[in-house]
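Residues: numbered from 1 along the sequence shown. Since this is a predicted model, take the numbers as computed values, not measurements.
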Amino acid sequence: MPIGKTVIITEKPDAMKKIANALSNGKAKKIEKRNGFWFEFTYGKEKIIVGCAVGHLFGLDTIKDGSGWKYPTFNVEWIPSHTKKGHEFSKKYYENMEEIVKKGKKFIIATDYDTEGSVIGYNILKILCGKEDAKRMKFSTMTKDELINSYENMEKHIDSNQIESGLTRHYLDFFWGINLTRALTIAIKNSDKKGFAILSTGRVQGPTLAMLYEKEQEIKKFNSKKFWEIESNLKIGKLNFTAPFEKSKIWNKNEVDKILVKLKSKNGIVKSIKKREYKQKPPIPFNTTELQSECYSQYKYSPTQTLSIAESLYQKGYISYPRSSSQKLPSNINYKKIIRSLGNLKSYTKFAQDILGKEVLIPNEGKKIDPAHPAVYPTFEIPNPKNLTSQQKKIYDLIVRRFLSVFGSNSIRESNTIKIDINGNIFNLVGKRTLISGWTEYYKPYMSTEEIILPKIEIGNKIKVNKIKSTQKNTQPPPRYNQGSILKEMESRNLGTKATRAEILRTLYSRRYILGQSIKMTKLGESVVIALNSYAPKIISEDLTKKMEMETEKILEGKLSKETVIRRAKKTLIDILKDFKKNEKKIGNKLIEGLLDAREEENKMGECVVCKDGQMKILRSRFSGKFFVGCSNYFRCKKCHFTRKACKCKCKICKDIKGKCKCSWKDKIWNPTCQTGYPLPGHARNMATGKKCNKCSTMIINVIRAGKRPFRMCLDPKCETKKDWGKKKKNTNKTKKKI
């Protein structure tokens, strides 16, 4: 029987600790159990227990009916996450929560205030507590003041629209994921080559992959064209400057030659001077996508990595909730209090003083809003920098400087364009300088402003010409997406949500559909898009995905029901899978072809450094079963250059042709063209980087092992870069002799 305690359900251990300490003023009792813990204390006359999940304690799974893999299937249920492979770590949190809720009479949901957090809280409430409703704490920061205020002014009911919208998204993603994964995998199994590989796509994965394929095709179809640029090197006073010809690209070489003939004058004349002042407005606050994009640009952090680091800062109370679409800062967060507090950190003292000297603080904001949370901002609870990791320091500094910058003054810049006539041909000399730094002073580490200060020049002045040169160039294809720009593109196309886009991108990498920081599609990724586009185009349709995103938003707004959206989605998926089933074998043949090409592509390790003719490939020893890198010329005879089966040399045993005789290769001896080979680390995924070692010239590979930090190495085990590998570092500390 419940004993009358109030149970607060939080999402993660750090959140549990912050809430418990805030409400108990640091006096909460820590109860340790199963290598986990929870907190108990009294608030006024109320006895409170604060427990935590660790993200989702429950996940969707198919109900096993003994029929094996088939599609479509919609027979699903919520099961404890720890029963799934890879999620065993959540078991102690599940069991602790199971014990805690038995002591409760009243329940409060204090998970993150968004659709995912609401689903996490609701599943615990419904499945473990047997309740359909509870009170709800809402907060955007983990500061003590906001957590206490959130508790004292909590909502009387859970946020049903968020829960319904979140549950709908889970069902849609699961139905799409499980059915399309089964369909693709079965298609490969039923192909002419009867292969096996588990391939997947999803409601948002498919359209995102198709978008990347479009870019890949755009690059492949691009026809590069030659053009020429002409520039002059000028001397003004004691300084040299470069001024380009007024026509930026010249497409005809004859035209270039004619211009160069006219440019033999040793002096130019200043024909006109045009000065222009312009303003650079402060930036707008970070939302999730902008933060991820900027962190990739500045630090090359992946979107998933950025969100994880930002989440850790949020859990400690140093920044607001990092999952938000908003570009607005509400005035009720108390700008002055935050800026005054930030001023206590030496790096920001001067900036804080500048901003606080203003009569009114009005941030420069964007248009996007988020009903759940404001834009990302630092709180007044400042960290001790010594207690932050290097990654946390970088992201915290970026968020703080961006926050301060939105309150900064406009930056005033001046451009100065001088037209110089050299024998009837105009060259443009451009100067740039900052007149008033404004907000750029705060954001200086993360931006660069070009400063070209020109000496005083007047119309009619003669300018000495040092040199005129022409340069041939080629037009370049459009750039590939990187991990920052792809998120912005997904957002603009309404693919995924602020919380899921990073995970979708990570999934595409893990499925080996894409690779590289400048995102390139693999043969496997291309084959998936080509097969689906040919026979089941709705699977990769942006329009269909956008429609479902809009419908889940309408659930959030209370304009549609979960049941209606799920019913429509099931019908659509059934129709899609009917078409898929009709073309299953054709799709399978396309996929197996792409799969084999992808494996061949992955196994390539560059040119052989010994014979210079063969290709290094990942091979598997038929004797030991271990993987190694060997030269493709091992399979060609050194004398006749044919493969084993086609070898034209005479067998010394039976005198017949080696390629046809039945003598064992061990007896008749195989004489390969090249025997270069290198061992590979075991129990690892070894991937080529496309780069060579400066010392031994062999390929540098990425070595990825489960649960361990990836590392890079070259192939040659005898390379001098590995001379200290395996050696223990000498202890240089002086030790006292025992007496």
Side-chain angles (χ1 to χ4, degrees), residues 2-57 89-114 116-118 120-125 128-129 131 134-156 158 311-322 373 379-384 387-388 392:
I3 57 176
K5 291 186 177 181
T6 296
V7 174
I8 299 177
I9 298 167
T10 66
E11 192 165 325
K12 290 180 180 176
D14 281 349
M16 169 179 65
K17 188 175 180 180
K18 289 289 288 187
I19 291 172
N21 284 337
L23 297 180
S24 71
N25 203 22
K27 296 177 182 178
K29 184 181 178 183
K30 186 178 183 181
I31 310 297
E32 297 187 64
K33 210 160 189 180
R34 303 178 186 92
N35 288 323
F37 57 93
W38 64 81
F39 291 96
E40 296 186 6
F41 57 92
T42 301
Y43 188 84
K45 294 182 180 180
E46 200 163 11
K47 292 181 178 180
I48 297 175
I49 303 174
V50 185
C52 75
V54 58
H56 287 279
L57 289 186
F89 67 91
S90 66
K91 185 177 181 180
K92 64 183 180 183
Y93 296 94
Y94 175 89
E95 291 179 345
N96 278 354
M97 185 62 73
E98 195 175 32
E99 181 176 336
I100 289 166
V101 299
K102 289 177 182 176
K103 301 177 182 181
K105 186 175 183 181
K106 291 192 291 183
F107 299 95
I108 299 168
I109 304 299
T111 51
D112 291 340
Y113 192 72
D114 60 11
E116 283 303 294
S118 296
I120 290 168
Y122 177 73
N123 276 337
I124 293 170
L125 183 69
L128 290 184
C129 307
K131 303 282 185 181
K135 292 185 177 181
R136 183 58 155 113
M137 286 174 65
K138 290 169 59 177
F139 45 85
S140 289
T141 73
M142 288 280 183
T143 61
K144 183 178 179 180
D145 290 358
E146 186 166 351
L147 291 174
I148 291 172
N149 181 64
S150 174
Y151 178 80
E152 292 181 344
N153 297 284
M154 70 181 84
E155 302 286 325
K156 292 181 179 179
I158 53 176
E311 177 79 19
S312 70
L313 291 169
Y314 161 70
Q315 295 286 347
K316 293 176 184 295
Y318 302 142
I319 67 168
S320 66
Y321 190 57
H373 297 282
T379 71
F380 62 84
E381 289 188 4
I382 59 173
N384 180 341
N387 295 333
L388 298 180
Q392 287 173 333

Chemist: Ignoring hydrogens and angles, tell me if any N or O in the side chain of T10 forms a donor-acceptor pair with the backbone of T111 under 3.5 Å.
Modeler: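 No, T10 side chain to T111 backbone: no donor-acceptor pair under 3.5 Å.
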Chemist: Applying side chain to side chain contact (heavy atoms under 4.5 Å, CB included), can you list everything that pairs with E40, at least two apart in sequence or on another chain?
Modeler: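 If we apply the side chain to side chain contact (heavy atoms under 4.5 Å, CB included) test to E40, skipping adjacent residues, the hits are K5, I31, W38, I49, K103.
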Chemist: Please tell me if the side chains of R136 and S118 come closer than 4.5 Å, counting only heavy atoms from C-beta onward.
Modeler: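 Yes. Closest side-chain heavy atoms under 4.5 Å.
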Chemist: Regarding N153 and K138, do their side chains bring together a donor and an acceptor under 3.5 Å, going by distance alone?
Modeler: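 Note: N153 and K138 side chains miss the donor-acceptor criterion.
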Chemist: Who are the side-chain hydrogen bond (donor to acceptor under 3.5 Å, both in side chains) partners of S312, not counting sequence neighbours?
Modeler: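 Only Q392 meet the side-chain hydrogen bond (donor to acceptor under 3.5 Å, both in side chains) criterion with S312.
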Chemist: Roughly how far, to the nearest 0.5 Å, is the CG atom of N96 from the CE atom of M16?
Modeler: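 So the gap between those two atoms works out to 8.5 Å.
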Chemist: So which of I8, V50, T42, L147 actually passes side-chain contact (heavy atoms from CB on, under 4.5 Å) with L23?
Modeler: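 Result for side-chain contact (heavy atoms from CB on, under 4.5 Å) with L23: I8.
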Chemist: Which residues pass the side-chain hydrogen bond (donor to acceptor under 3.5 Å, both in side chains) test with N384, sequence neighbours left out?
Modeler: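 For N384 there are no side-chain hydrogen bond (donor to acceptor under 3.5 Å, both in side chains) partners, ignoring immediate neighbours.
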Chemist: Can you name the nearest heavy-atom pair linking F107 to V101, along with the distance?
Modeler: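 In terms of heavy atoms, the two residues are closest at CZ-O, 3.6 Å.
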Chemist: Tell me whether K92 contacts the main-chain N or O of N35 through its side chain, where contact means a donor paired with an acceptor under 3.5 Å.
Modeler: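 Looks like yes, one N/O pair under 3.5 Å.
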Chemist: State the CD1-OG1 distance between I48 and T6, to the nearest 0.5 angstrom.
Modeler: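 Rounded to the nearest 0.5 Å, the CD1-OG1 separation comes to 6.0 Å.
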Chemist: Tell me, please, which residues at least two apart from Y122 pass side-chain hydrogen bond (donor to acceptor under 3.5 Å, both in side chains).
Modeler: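 Testing Y122 for side-chain hydrogen bond (donor to acceptor under 3.5 Å, both in side chains), a comparison that skips the adjacent residues, returns E132.
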Chemist: Can you measure from CG (L313) to CG (L388) and round to the nearest 0.5 angstrom?
Modeler: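 Output value for this atom pair is 6.5 Å.
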Chemist: Going by the rule side chain to side chain contact (heavy atoms under 4.5 Å, CB included), which residues pair with S140 if we only count those two or more places apart in sequence or in a different chain?
Modeler: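 Partners of S140 by the side chain to side chain contact (heavy atoms under 4.5 Å, CB included) criterion, ordered by chain and then number, come out as E146, H373, P374.
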Chemist: What are the two closest heavy atoms between G121 and I109, and how far apart are they?
Modeler: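 Shortest heavy-atom separation between G121 and I109 comes out as O-CD1, 3.6 Å.
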Chemist: Hey, mind stepping through Y43 and E152 against side chain to side chain contact (heavy atoms under 4.5 Å, CB included) and telling me if it holds?
Modeler: CA-CA 11 Å; Y43 188 84; E152 292 181 344; 2.6 Å; yes
Chemist: For Y314, check ring-ring contact (aromatic ring centres under 6.0 Å, His included) against everything at least two apart and list the hits.
Modeler: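 For Y314, the residues satisfying ring-ring contact (aromatic ring centres under 6.0 Å, His included) (neighbours in sequence not counted) are Y321.
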Chemist: Please enumerate all residues that pass side chain to side chain contact (heavy atoms under 4.5 Å, CB included) together with K156, with sequence neighbours excluded.
Modeler: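 With sequence neighbours excluded, K156 shows a side chain to side chain contact (heavy atoms under 4.5 Å, CB included) to no residue whatsoever.
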Chemist: Quick check: does any side chain N or O of K18 sit under 3.5 Å from a backbone N or O of K316, one acting as donor and the other as acceptor?
Modeler: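 Here the side-chain-to-backbone pair exists.
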Chemist: So, using ring-ring contact (aromatic ring centres under 6.0 Å, His included) as the criterion, who are the partners of F39 when residues are at least two apart?
Modeler: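 ring-ring contact (aromatic ring centres under 6.0 Å, His included) check on F39 returns F37.
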Chemist: Looking only at non-hydrogen atoms, find the nearest pair between G51 and M97 and report the distance.
Modeler: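 Heavy atoms only, the tightest pair is C-CE, 3.7 Å.
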Chemist: Nearest heavy-atom pair of F139 and A110: which atoms, and what distance?
Modeler: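 Heavy-atom minimum between the residues: CZ-O, 3.4 Å.
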Chemist: Could you pull out all residues at least two apart from T379 that satisfy side chain to side chain contact (heavy atoms under 4.5 Å, CB included)?
Modeler: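 Expected list: T141, T143, E381.
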Chemist: Considering residues at least two apart in sequence or located in another chain, which fulfil the ring-ring contact (aromatic ring centres under 6.0 Å, His included) criterion with Y93?
Modeler: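 If we apply the ring-ring contact (aromatic ring centres under 6.0 Å, His included) test to Y93, skipping adjacent residues, there are no hits.
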Chemist: How would you list, by chain and number, every residue that makes a salt bridge (charged side-chain N to carboxylate O under 4.0 Å, His left out) with K12, sequence neighbours excluded?
Modeler: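 With neighbours one apart ignored, the set is E311.
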Chemist: Would you check, one step at a time, whether the test side chain to side chain contact (heavy atoms under 4.5 Å, CB included) holds for I108 with Y151?
Modeler: CA-CA 9 Å; I108 299 168; Y151 178 80; 3.7 Å; yes
Chemist: So, for I120 and G55, which heavy atoms are closest and what is the spacing to 0.1 Å?
Modeler: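 The pair with the smallest heavy-atom distance is CG2-O, 3.4 Å.
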Chemist: Would you compute the distance between atom CD of E98 and atom CD1 of I124 and round it to the nearest 0.5 angstrom?
Modeler: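 Between atom CD of E98 and atom CD1 of I124 there are 11.5 Å.
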Chemist: Sequence neighbours excluded, which residues qualify as salt bridge (charged side-chain N to carboxylate O under 4.0 Å, His left out) partners of K33?
Modeler: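 Salt bridge (charged side-chain N to carboxylate O under 4.0 Å, His left out) check on K33 returns E99.
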Chemist: Using every non-hydrogen atom in the two residues, find where A15 and Q315 come nearest and quote the distance to one decimal.
Modeler: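 So the two residues come closest at N-OE1, 3.0 Å.
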Chemist: Atom CG of N149 and atom NZ of K144: how far apart are they, to the nearest 0.5 Å?
Modeler: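 It comes to 14.0 Å.
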